[in-house]
Amino acid sequence: MKKQFIIALGLMVSMSTIAQKKELRTLEKAVKNNNYAEAKAAVSQLEPMLGSMDEKLKSKYYFNKAQAYYANGAGTNADFKMAISDLAKVDEKHVSEVAVIKQGLQNELLTKANTLYTTGKYSDAAKLFEMLYILVPEDEVYLYYAAASAVSAQELEVALNHYLKLRELGYTGIETQYLATNKETGEEEAFDKVTRDLYVSKLKTHIKPREAKTESKTAEITKNIALIYNSLGESEKGLEAIKVARQADPTSVELILTEANMQYKLGNKEAYTKLIKEAIKNDPNNKDLLYNLGVLASESGNIEDAKKYYNRVLELDPAYINASTNIAALILSEEVSVIEEMNSLGSSAADNKRYDELKQKRVEIYSEAIPYLEGVLKIDDDNIDVAKTLKGIYSAIGEDAKYKAIVAKYKI
């Protein structure tokens with residue numbers, strides 16, 4: 001009786017294997033004929049049999065299932081995700097075939113992801129770039145694109161996880177560029193190595209071949225980690241991320257500025273000023289940094305320091321309107337105390353003498369401010385507020401011709 005049971009069990013296993021092979025043949029045939037709807041139906045028939053399927057048949061199942069869901073590039077994003085998952089379960093026997101499917105998937109996903117990103121559908125683009133990274137984990141740039149897309153979609157926690165993974169992987173984003181100068185246009189162009197060499201050596205359309213490394217993205221990644229932490233209300237983690245990065249690259253102006261901006265947001269203006277000055281040491285002609293120091297000096301009541309910084313900005317860039325506007329405002333602010341004292345004077349001879357001195361002081365203030373205000377109008381001809389200020393100044397100091405010109409031009 002026991003022997004008969006064993007024989008019966010063996011028959012059941014054999015029949016199960018026969019059924020599995022039959023359905024697999026149906027699946028394979030449907031895939032071969034590009035009948036993906038039928039292939040998916042066969043997949044549904046095989047799914048309940050997976051538990052009793054041997055590893056060899058399982059590999060064949062996953063290989064064909066992946067093809068069914070990939071559908072030669074016609075599958076949905078969800079289908080592609082399924083195909084990526086199944087390809088990872090296929091044994092080495094199908095290495096070359098898997099490589100072909102992977103390349104097709106990669107091309108489809110990359111095209112779709114780029115289209116989504118360029119049309120502003122950042123959230124969907126982020127998902128596809130993440131799928132690309134799962135498909136081709138050695139191409140870490142896809143994870144970088146996923147993070148950047150998530151930031152654009154304001155999906156900060158998703159972006160943070162991607163950036164943290166990139167930092168863990170030690171991703172720098174440094175790539176070799178293969179460059180050559182176009183003989184006709186004189187412009188340097190970038191290619192892959194094979195194409196560059198072809199244009200230079202065979203077609204002779206390009207000259208001066210050279211190689212160059214792109215800039216590292218390490219500082220950018222760390223900066224984004226810090227900023228996202230800060231946006232999520234975890235400022236301490238953000239500052240810690242920046243400090244760790246600065247230990248590795250202490251002279252990076254970008255990292256210094258990131259820490260400075262975080263300190264400013266936290267209300268630590270003293271730390272902000274110190275960091276901005278540190279950044280200027282590394283980049284002494286950075287007009288934006290100098291301008292920021294001017295703003296801080298002005299807010300702190302250090303008028304002469306503020307003027308010094310603003311004038312340095314204008315030396316570097318005479319068209320820096322905000323610096324011209326701010327320094328003019330600082331100069332004109334000195335008028336307030338002069339007017340207050342003038343209004344407080346009596347009618348004695350001493351008071352009249354002092355009044356004349358203050359009146360002259362007021363003219364000197366106006367004369368000092370005029371070049372900055374006129375400079376603004378030369379660049380920003382529609383700045384009605386500056387035009388009104390100049391109108392008042394011209395009237396006060398008797399510049400009748402300039403006064404009339406302002407009134408005529410701006411109808412004020």
Side-chain angles (χ1 to χ4, degrees), residues 260-261 264 267 269-270 272-273 276-277 280 284-412:
N261 289 330
Y264 188 83
K269 290 188 178 181
E270 186 176 338
Y272 172 82
T273 303
I276 292 293
K277 288 181 177 178
I280 288 175
N285 293 326
N286 190 315
K287 58 191 178 183
D288 294 324
L289 298 183
L290 291 162
Y291 174 79
N292 287 345
L293 282 179
V295 171
L296 282 173
S298 176
E299 289 177 351
S300 302
N302 299 323
I303 305 303
E304 291 309 311
D305 281 351
K307 287 182 182 179
K308 178 183 72 175
Y309 289 126
Y310 289 142
N311 276 320
R312 177 60 182 146
V313 170
L314 292 171
E315 286 175 17
L316 295 168
D317 181 7
Y320 205 117
I321 289 178
N322 287 345
S324 293
T325 304
N326 284 9
I327 197 170
L330 285 176
I331 294 166
L332 292 175
S333 68
E334 299 173 22
E335 180 190 17
V336 175
S337 60
V338 172
I339 292 174
E340 286 178 351
E341 187 176 351
M342 289 173 73
N343 291 334
S344 69
L345 295 173
S347 56
S348 67
D351 283 344
N352 289 336
K353 181 181 177 182
R354 179 58 181 161
Y355 186 90
D356 290 338
E357 291 172 352
L358 291 170
K359 186 177 179 181
Q360 180 58 35
K361 174 66 176 174
R362 193 180 179 193
V363 170
E364 291 172 0
I365 290 171
Y366 287 155
S367 298
E368 186 183 355
I370 284 173
Y372 296 105
L373 295 170
E374 290 178 340
V376 171
L377 282 189
K378 283 180 182 178
I379 301 163
D380 183 11
D381 193 45
D382 296 326
N383 196 319
I384 194 69
D385 291 329
V386 169
K388 286 179 179 179
T389 302
L390 277 172
K391 173 191 168 187
I393 291 174
Y394 291 151
S395 176
I397 64 177
E399 288 275 7
D400 293 338
K402 288 185 175 181
Y403 172 83
K404 289 177 181 177
I406 283 278
V407 171
K409 182 173 182 177
Y410 293 95
K411 304 293 188 291
I412 54 177

Ala297 versus Ala306, closest heavy-atom pair with distance: CB-N, 3.7 Å
Lys361 and Glu341: CA distance, side-chain angles, deciding distance, salt bridge (Lys or Arg N to Asp or Glu O under 4.0 Å) verdict: CA-CA 12 Å; Lys361 174 66 176 174; Glu341 187 176 351; over 6 Å; no
Stepwise side chain to side chain contact (heavy atoms under 4.5 Å, CB included) check, Tyr403 with Leu390: CA-CA 8 Å; Tyr403 172 83; Leu390 277 172; over 6 Å; no
Interatomic distance, Leu296 atom CG to Lys277 atom NZ [nearest 0.5 angstrom]: 9.5 Å
Side chains of Leu332 and Thr389 in contact at under 4.5 Å (non-hydrogen atoms): yes
Under 3.5 Å: donor-acceptor pair, side chain of Ser298, backbone of Gly294: no
Spacing of Lys269 atom NZ and Glu299 atom CD [to the nearest 0.5 Å]: 4.0 Å
Flag, side chain of Ser337 to backbone of Glu334, donor-acceptor distance under 3.5 Å: yes
Spatial distance of atom CG (Asn285) from atom CD (Glu315) [nearest 0.5 Å]: 10.0 Å
Taking every non-hydrogen atom, the tightest pair across Ile379 and Ala319: CD1-CA, 3.3 Å
Asp380/Val386 under side chain to side chain contact (heavy atoms under 4.5 Å, CB included): CA gap, chis, key distance, verdict: CA-CA 9 Å; Asp380 183 11; Val386 169; over 6 Å; no
Neighbour count above 12 (heavy atom, 6.0 Å) for Glu357 CD: yes
Tyr291/Tyr309 under side chain to side chain contact (heavy atoms under 4.5 Å, CB included): CA gap, chis, key distance, verdict: CA-CA 6 Å; Tyr291 174 79; Tyr309 289 126; over 6 Å; no
Asp381 and Tyr410 side chains, donor-acceptor separation under 3.5 Å: yes
Test side chain to side chain contact (heavy atoms under 4.5 Å, CB included) applied to Ile393 and Leu373, step by step: CA-CA 10 Å; Ile393 291 174; Leu373 295 170; 3.7 Å; yes
Side-chain donor/acceptor of Ser333 to backbone N/O of Leu330, under 3.5 Å: yes
Point-to-point distance, once rounded to the nearest 0.5 Å, from NZ of Lys307 to OH of Tyr372: 8.0 Å
Nearest heavy-atom neighbours spanning Ser347 and Asp351: N-OD2, 3.9 Å
Heavy-atom closest pair, residues Ser324 and Val376: CB-CG2, 3.6 Å
Side chain to side chain, Val295 and Tyr310, heavy atoms closer than 4.5 Å: yes
Nearest heavy-atom neighbours spanning Ile276 and Ala260: CD1-CB, 4.1 Å
Heavy-atom side-chain contact between Tyr366 and Glu335 under 4.5 Å: yes
Ile370 CD1 to Ile365 CD1 distance, which is reported to the nearest 0.5 Å: 12.0 Å
Distance (rounded to the nearest 0.5 Å) between Leu293 CG and Asn302 CG: 11.0 Å
Nearest non-hydrogen partners of Val338 and Arg362, listed with the distance: CG1-CB, 4.3 Å
